[in-house]
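Only one structure is covered here, and it is reproduced in the block below.
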Amino acid sequence: MKNKYKVAVIGCGSIANAHLEGYSKLSKIEIKAVVDTNRAAREMYMKEYQILNGYENLESMLSEMNPDIVSICVWHKLHDVMTEKIANYPSVKGIICEKPMAIGLGNAEKMIEVCKKNNVKLIISHQRRFTPGWMKAKDVIQSGLIGVPIRGEIRVKDGLLNWGTHSIDGVRFVLGEPEAQWVFGALERSTNKFERDTAIEDCCMGLVQFEDNLQFFIQSDLLDNNCDAGRFTIIGTNGMIYIEETKIRLFNDSSNGWKNIKLDLDKDDKAIGGNTNAMQVEELIEWIEKDKESRSSARIAIKTQEIMMAIYESARKNKVIKLPLKEKNYPLELMIDEKKLHLYNKEKYDIREFLNRDNIDEDLYQNLKAQGLEHNEIMQKIHSKK
Ligand SMILES: NC(=O)c1ccc[n+]([C@@H]2O[C@H](COP(=O)([O-])OP(=O)(O)OC[C@H]3O[C@@H](n4cnc5c(N)ncnc54)[C@H](O)[C@@H]3O)[C@@H](O)[C@H]2O)c1
């Protein structure tokens, strides 16, 4: 048992802030270093969190800092590569890797193997498992207030891997980690769409069958309105529950319509930013010290990874996919390589560039919208003219 755990964060972008905020709330943590290839990015957090050591590359940081815990906050394709390097470094006891766990099921499996071999505890940052809404919803469902759960409904956007991973993981969490048996999926990719350098679909949907006749249905990028990775609905034999991170509503035969359920919210617990990350770190430390597995462990997270990959594989093979999934590569990339997807527009674009409308000519945007174009089509047109 250590008095203080030495921590380093790799990748000083948007999500690193939540990790740093979480670590900085804990007395057992000493933030020793940040790593980023971009100097301005690492210096920004060094200043904000008074961190003395900044590195351009991971290897130098590992050998000079000997960290106990490392956060991986770089883009998806680097998650498995960095996990392997970090897990093989002798001082490391725990890794918190961002979602999605990896691209492809095989890479996720390798992450688990290398961590097991080195006795490193690996967490995938599905930090919403620590939100008050999701935790309370789990209790409500377990206490039988909606009867036997039979159906989950998820609507997300910005790529299945990006938001879908949180919501699929969330449904599994509140339902007590049921095992998926088969998956049926469909997708469209008629534009050359990427998210954080990973090929993604224009839209997709998946039906997932669990044990005991429980199913859930996920729609991704099919509806732009009212989507959020943090919300979903679970329907049971005797009612239903609508779940958000800081709010839940119950409908059953004694609720007299929809009823808000009181949550244990701190006064300033708006969403939770660093709080969920801090709780996640506390569980990691408990796992390291007492061998009590964290709710965000990679062993649990890989089930979500498998479901997402199975949705793509089902679309690739045009059939129901029974789990465990045999295909270890990223089925969407295989579909692209196999020329199964016809692009009406071949120009590559990344939706990260398209989320921000700050430097966009608003009149032109509205004009194209009035012509009936969707947001992505408008952004693609505007970007291709630049
Ligand atoms: N859990 C969540 O709710 C949540 C939210 C946002 C992002 N994420 C995940 O976090 C990851 C990072 O996303 P982001 O939005 O923070 O990205 P970002 O683009 O804001 O930041 C990534 C940073 O990594 C740095 N970087 C790139 N290659 C590097 C290398 N080889 N070594 C060191 N640094 C390197 C970049 O310079 C950049 O500063 C993604 O996988 C994303 O899916 C998770």
Side-chain angles (χ1 to χ4, degrees), residues 8-22 33-46 48 51 53-62 65 67 70-86 95-104 107-108 111 123-131 134 156-170 173 194-200 220 227-231 244-245 271-281 295-296 298 301 304-305 308 330 350-356:
V9 173
I10 325 293
C12 297
S14 66
I15 198 60
N17 193 37
H19 287 242
L20 289 164
E21 203 186 322
V34 285
V35 181
D36 202 297
T37 42
N38 180 318
R39 184 175 172 167
R42 59 180 189 264
E43 286 182 350
M44 176 182 75
Y45 285 135
M46 286 170 73
E48 188 173 345
I51 302 164
N53 307 291
Y55 289 86
E56 195 173 345
N57 74 68
L58 173 61
E59 289 79 4
S60 324
M61 183 282 290
L62 288 171
M65 290 288 116
V70 180
S71 276
I72 301 176
C73 299
V74 288
W75 288 2
H76 326 333
K77 281 182 182 165
L78 289 173
H79 292 176
D80 58 316
V81 182
M82 288 200 170
T83 297
E84 187 177 353
K85 280 190 189 154
I86 296 164
I95 296 174
I96 302 181
C97 178
E98 265 308 331
K99 49 53 59 173
M101 186 169 177
I103 302 304
N107 288 335
M111 290 164 75
I123 274 182
I124 305 304
S125 195
H126 284 134
Q127 80 283 4
R128 292 161 203 255
R129 284 179 170 242
F130 296 87
T131 57
W134 287 23
V156 283
K157 63 178 181 178
D158 296 339
L160 182 68
L161 291 172
N162 187 17
W163 287 27
T165 185
H166 278 302
S167 312
I168 295 171
D169 180 74
F173 173 65
F194 284 73
E195 188 268 329
R196 293 185 175 98
D197 202 29
T198 300
I200 59 164
S220 190
C227 291
D228 189 315
R231 342 178 165 133
E244 292 187 14
E245 294 173 3
I272 1 205
N275 284 357
T276 53
N277 285 77
M279 288 160 87
Q280 189 162 256
V281 176
R295 75 188 74 176
S296 316
T304 294
Q305 179 78 9
M308 293 192 294
Y330 181 31
D350 192 305
I351 58 164
R352 306 298 301 171
E353 296 165 38
F354 285 13
L355 295 177
N356 185 352

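As the structure is a computational prediction, the values presented were derived from the model and not from experiment. Note that ligands are numbered from 1 as they come in the structure, with each ligand's atoms numbered from 1 the same way.
- Each of the following atoms of ligand 1 lies closer than 4.0 Å to a heavy atom of S125: 1 (N).
- Residue contacts with ligand 1: H166 is included, with a non-hydrogen atom under 4.0 Å away.
- The distance from ligand 1 to the heavy atoms of M82 drops below 4.0 Å at these ligand atoms: 30 (C), 31 (N), 32 (N).
- Using a 4.0 Å cut-off between heavy atoms, H76 contacts ligand 1 through both its backbone and its side chain.
- Here the rule is side-chain contact (heavy atoms from CB on, under 4.5 Å) with V34, and of C12, C73, S71 only C12 fits it.
- In this comparison of R196, H126, R352, E56, the heavy atom closest to atom 7 (C) of ligand 1 sits on R196.
- Nearest non-hydrogen protein atom to atom 21 (O) of ligand 1 is G13 CA, 3.1 Å.
- With values rounded to the nearest 0.5 angstrom, R42 atom CZ is found 7.0 Å from D36 atom CG.
- The contact set between ligand 1 and R128, taken as ligand atoms under 4.0 Å from a residue heavy atom, comprises 3 (O).
- With respect to atom 29 (C) of ligand 1, the closest heavy atom belonging to the protein is T37 OG1, 3.7 Å.
- The shortest contact between atom 8 (N) of ligand 1 and any protein heavy atom is with E98 OE1, 3.7 Å.
- Residue Y55 holds its OH atom at 14.5 Å from CZ of R39, rounded to the nearest 0.5 Å.
- Proximity of K99 to ligand 1, defined as any heavy-atom pair under 4.0 Å, is shared by backbone and side chain alike.
- In terms of protein heavy atoms, atom 19 (O) of ligand 1 is closest to W75 NE1, 2.9 Å.
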*Verdict with reasoning, Q280 to H126, per side chain to side chain donor-acceptor pair (under 3.5 Å)*: CA-CA 9 Å; Q280 189 162 256; H126 284 134; over 6 Å; no
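- For the atom pair OH (Y330) and CG (L161), the distance works out to 4.5 Å, reported to the nearest 0.5 Å.
- We find the NE2-CD distance between H19 and Q127 to be 7.0 Å, quoted to the nearest 0.5 Å.
- Taking every heavy atom of P100 and a limit of under 4.0 angstrom, the matching atoms of ligand 1 come to 43 (O).
- Residue contacts with ligand 1, taken as heavy atom pairs separated by less than 4.0 Å, involve C73 solely via the backbone atoms N, CA, C and O.
- Geometrically, R295 engages F130 in a cation-pi contact, judged by NZ or CZ lying under 6.0 Å from the ring centre and within 45° of the ring axis.
- Per-residue contacts place Q127 under 4.0 angstrom from the following atoms of ligand 1 (heavy atoms of the residue considered): 1 (N), 2 (C), 3 (O).
- Interface atoms of ligand 1 facing V74, defined by a heavy-atom separation under 4.0 Å, are 11 (C), 12 (C), 24 (O), 26 (N), 29 (C), 34 (N), 35 (C), 40 (C), 41 (O).
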Practice prompt. Please assess R128 against H166 for the test side chain to side chain donor-acceptor pair (under 3.5 Å), listing each intermediate value before the final yes or no.
Written response: CA-CA 7 Å; R128 292 161 203 255; H166 278 302; 3.3 Å; yes
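- Ionic pairing of D169 and R129 is present here: one or more N-O contacts between side-chain nitrogen and carboxylate oxygen are shorter than 4.0 angstrom.
- Applying the salt bridge (Lys or Arg N to Asp or Glu O under 4.0 Å) test to E59 and every residue at least two apart in sequence or in another chain returns K85.
- Atom 16 (O) of ligand 1 has as its closest protein heavy atom I15 N, 3.0 Å.
- Here H79 contributes atom NE2 and E84 contributes atom CD; the two are 15.0 Å apart, rounded to the nearest 0.5 Å.
- Residue-level proximity to ligand 1 for S14 is carried by backbone and side chain together, each with a heavy atom below 4.0 angstrom.
- Which parts of ligand 1 touch H79 is read off a 4.0 Å heavy-atom cut-off, strictly below it: atoms 41 (O).
- Distance from atom 38 (C) of ligand 1 to its nearest protein heavy atom, with residue and atom name: D36 OD2, 3.5 Å.
- For the atom pair CD1 (I95) and CD1 (I123), the distance works out to 10.5 Å, reported to the nearest 0.5 Å.
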